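Shown next, in structure tokens, is the structure this report addresses.
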Amino acid sequence: MKPPNVYCTLSLFWILHSVTGDILISKPPPKSIIADQGKDVRITCPVKVPEHLNEDKMRIRWKHNGHYIHDRDQSDKYTIENREQTLLISNVEGSNAGVYSCVVIIDHARDLASGMLEVREPPEAPREVKIANCAGNQVELSWKKGDDGGAEITHYLVQFNTSESPDNWMYYYDEISGEVEETYINLSPWGTYSFRLLAKNDVGFSKPSAPTKVQCTTPPERPGGNPKDVRTLTHKTGKLIVTWTPMARLSHNGPGFKYAIFWRRKGSTYWNKNIEQNSNAKMWETSVNDIYTLYEIKVKAMNEIGESRQPAFIYHGYSGEGEPTVIPKDFRLDRTKQVEAHKAHFIWEAVDTSEDKIHGEFRGYKLRYWKSSEGRHKWQEVDILITKADHGRLNVRAAIDNLPAYTALRAQVSVMNTHYTGPPSQTIDFTTPEGVPDPVRDLRIEAHGTTYALLKWLPPEEPNGLLLGYDIGYQQINQEVKGPKRQLRPQIDNPDTLGARITGLSSNHDYRFYVYARTKMGRGEESYIDVKTKDGERRDAHLYQQDQPHDADSAYSGASTFNHQIYTSVSNFIARTIMLQTILSLVIVKFLLH
């Protein structure tokens, strides 16, 4: 067990101070250095340079047991800090203990001081661990103490295994005082044991000792206890299912270990009994002719010698649940609250929760809904859990979130117990109103140039109503700073238009474009994409009129969508053709007149 890495600063207690010339090392306060293994230690060598000496020529060297530290490759262990006046020893261990020396040299002046570092370690493992006596269910252990590692041994821990699981070492529950070298250990019957010890001081635990060479075998006897956590499961109709926590091998106390299961209906005097031969079993079941009926049960441990010495406790549990028979009445929409795009409120009469109607533990209600166009095979379920505080209410109110908007729906409600759901109520129909649409999908830059960007997208996954069109916004981005978000006009009022060409942008600039789908309830959540316009002169100016403003809003107004841009280009082409024909006609007429 490794001690935590605690960072501490210690001043060196100088046991040797040798001076040639001026005194350079100022005297630190006398402190002993005792460090625990695994900690970090700082040793300081405070230097005060006289005025007549040149501080820039100062050299400081560190030694460990007479050897210069940097003469050895231990850079991961030692670090020089604070202009070489501090030595940091990281994660100290026993090999770092000893005499540390600080040597300061300035010109002909030389000063040296040395001090001791003691490192406390976890103790050595106990030696010569052996079984001094093995009789009945008790063993006497003896051992010899190992080196304490510089800190007094506080206690010992005993570990044991069995011949059946030699690699599984378990801890004995009692700690043994560090002042003794023998102890008595109580053992479970019917086992063959080996032992080993660990010593502990304030630094940590030793390694485990060698295991005992001789084993101790204890005689068998009846079990000393019975299984715990005895209860019933109720998920199978017509079954009484008893469960428990299997008892560990060391609790069997003898061969032929098994369980005796007893059961009777509450109020009966006769106990039914069954023997479960599997020592690892944790469940047993039998068929019964009732639904969710209270039983008394108990489970007793046995082996070939006899039953457990301890009487078995009597527990209460129920047989399996069944489907509830009661049906909620007057299931309807709660007219006091409006149906929203994604939420509806319901109300119905509370049911009789007696066990003969619920056929189990009453949990609440299961509300199911589905789209009228799909059928109930695709229904969604919502559990309405009812607390005991709500049992006395005449009506039950509940709401469902995450409904699809602008959709015709059907709903019904049923009673539920822990495992089963009863028959449904009458089915009601309702329609959710329109909502705002989901974000558009697959927003992308189809093409871009020095002053334009062509956006394309797909309609939202859920329009949540009748799509009216799309809105587009943009902002300029300058590194981490985003400019104001601006909306482009006109809006796209055709929901079949799935692209737009934005023009009049500045070259070599970063832009972020936003696209929103729109219903009569408003915009949906935005989708956005970033693009950087290309660098260079404007190459596509011939697509627009010469006097067309280069403002992004105006450019978008002149060609708000890709389809609109094509329409504008075709219109200009037709107008130019008509004008050319007119001029040509005038030239011909003038020629004929002459």
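Since the structure is predicted, the reported quantities are computational estimates derived from the model, not experimental observations.
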Supply the atom-to-atom distance S425 OG to L367 CG, rounded to the nearest 0.5 angstrom. 8.0 Å

Under 3.5 Å, is there a donor-acceptor pair between the side chain of T234 and the main chain of E321? no

Under a plain distance cut-off of 3.5 Å, with no hydrogens placed, do K239 and S287 share a side-chain donor-acceptor pair? yes

Residues pairing under salt bridge (charged side-chain N to carboxylate O under 4.0 Å, His left out) where one sits in residues 336-349, two or more places apart or in two chains, turn out to be K343-D401

For the residue pair Q475 and Y514, confirm or rule out a side-chain donor-acceptor distance under 3.5 Å. yes

When rounded to the nearest 0.5 Å, the distance separating CG of L409 from CD of Q380 is 10.5 Å

Verify, without hydrogens or angle tests, whether N272 (side chain) and W263 (backbone) share a donor-acceptor contact under 3.5 angstrom. yes

Of all residues at least two apart in sequence or in a different chain, which pass the salt bridge (Lys or Arg N to Asp or Glu O under 4.0 Å) check with K532? none

Hey, does the side chain of T427 reach the backbone of Q412 with a donor-acceptor pair shorter than 3.5 angstrom? no

Can you check whether D535's main-chain N or O pairs, donor with acceptor, with N508's side chain at less than 3.5 Å? no

Can any side-chain N or O of D352 pair as donor or acceptor with the backbone N or O of S354 at less than 3.5 Å? yes

Does N226 reach the main-chain N or O of F313 with its side chain, forming a donor-acceptor pair under 3.5 Å? no

For E355 and Y318, which I'm curious about, is there any donor-acceptor pair between the side chains at under 3.5 Å? yes

CZ of F160 to CH2 of W169: how many Å apart, nearest 0.5 Å? 10.0 Å

For the backbone of G306 and the side chain of N303, can you confirm whether one donor and one acceptor N or O come within less than 3.5 Å of each other? yes

Check the pair W284 / Y259 against ring pair (Phe, Tyr, Trp, His ring centres under 6.0 Å), numbers first and verdict last. CA-CA 10 Å; W284 172 86; Y259 301 100; over 10 Å; no

Any donor-acceptor pair under 3.5 Å linking the side-chain atoms of T519 with those of E434? no

L240 versus Y295: any side-chain heavy-atom pair under 4.5 Å? yes

Check whether T407 reaches the backbone of A405 with its side chain - one donor and one acceptor, N or O, closer than 3.5 Å. yes

